[in-house]
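In what follows, a structure is listed as structure tokens, so that the remarks can point back to it.
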Amino acid sequence: MPDTHEPEDVRITQDLRDKLYDFADVTFSIATDAPDDRLTPAIRDIWDALWDVGSTTPLPTGDIPTPSYVSDPISISRGTWKITVDFGHAPREERSRAPEVIAAVLRRHAATPAVLDATHLTEEEYDLTKEEPEPAVEGVDPASQQPRLFRRRSV
């Protein structure tokens, strides 16, 4: 197993670390054998926590550089979820800490062991997201809203 400098309960791949260093738009793969009663609440909390990855130092515009988009979680196979994040102008150092944020949530929910990796959505996964989302409430921070969990029926 590659040396990730992480506890054995959550392995973070080097590919994920590289993608976070190079790109502001990353799709996370979160894979674990944890039962749904622990994993589902963990995925909801991960979604919420990802909105806060950013900086407290305002941009020249006055905006705080946090993610501009966090997708609803998607799963087409048991125990594996994908979440796409556009970190926008969040500094590289801040977006690079996202795996540790995810790992902490998985540990808090006892949803380990787990593997965090970078991935892409398959056509089937993308098709799951084509349902028209409910309109966002005007003036409500997206991070305060619960994600819709997309899951293939046979999962």
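Here, residue 1 is the first one in the sequence, and each next residue gets the next number.
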For Asp25, which residues count as a side-chain hydrogen bond (donor to acceptor under 3.5 Å, both in side chains) partner, sequence neighbours excluded?
-> none
Can we say Lys19 and Asp15 salt-bridge, meaning some charged N sits less than 4.0 Å from an Asp/Glu carboxylate O?
-> yes
Separation between CD1 (Ile102) and CD1 (Ile12), nearest 0.5 Å, reads 8.0 Å
Could I get the full list of side-chain hydrogen bond (donor to acceptor under 3.5 Å, both in side chains) partners for Arg38, not counting sequence neighbours?
-> none
Taking only residues two or more places apart in sequence, or in another chain, which ones meet Thr32 in a side-chain hydrogen bond (donor to acceptor under 3.5 Å, both in side chains)?
-> none
Nearest-0.5 Å distance that lies between atom CG in Leu106 and atom CG in Leu39 | 7.5 Å
Answer yes or no: is there a donor N or O on one side and an acceptor on the other, between the side chain of Arg95 and the main chain of Tyr21, under 3.5 Å?
-> yes
Linked, directly or transitively: Val115 and Ile43 (ILVMFWY side chains, under 4.5 Å) | no
Shortest non-hydrogen pair, Pro99 vs Ser96, comes out as CD-O, 3.3 Å
When rounded to the nearest 0.5 angstrom, what distance separates CD in Glu100 from CZ in Arg107?
-> 8.5 Å
Check ion pair Arg11-Asp117 (N to O, under 4.0 angstrom) = no
Arg92 side, atom CZ; Asp22 side, atom CG - distance, nearest 0.5 Å = 7.0 Å
Mind checking side chain to side chain contact (heavy atoms under 4.5 Å, CB included) for Pro41 and listing every partner two or more places apart, or none if nothing turns up?
-> His109
Quick one: does Trp81's side chain have a donor or acceptor within less than 3.5 Å of a partner on Phe28's backbone?
-> no
Would you please name every residue forming a side chain to side chain contact (heavy atoms under 4.5 Å, CB included) with Thr122, sequence neighbours left out?
-> Ile76, Lys82, Glu124, Glu125
Check Asp86, Val85, Leu50 against Tyr69 for a side chain to side chain contact (heavy atoms under 4.5 Å, CB included) and give me the one that passes.
-> Asp86
Atom of Ala34, atom of Ala110 and distance for their closest heavy-atom approach = CB-O, 4.4 Å
Distance-minimising heavy-atom pair for Ala49 and Val105 | CB-CG2, 4.4 Å
Taking all atoms of both residues into account, what is the closest heavy-atom pair of Pro73 and Trp47, and its distance?
-> CD-CD1, 4.0 Å
Nearest heavy-atom contact between Arg97 and Val53 is NH2-CA, 3.9 Å
Listed by chain and number, what are the side chain to side chain contact (heavy atoms under 4.5 Å, CB included) partners of Ala31, not counting sequence neighbours?
-> Thr80
Spacing of Ile83 atom CD1 and Ile30 atom CD1 [to the nearest 0.5 Å] = 4.0 Å
Mind checking the OG1-CG spacing from Thr13 to Leu116? Nearest 0.5 Å is all I need.
-> 8.0 Å
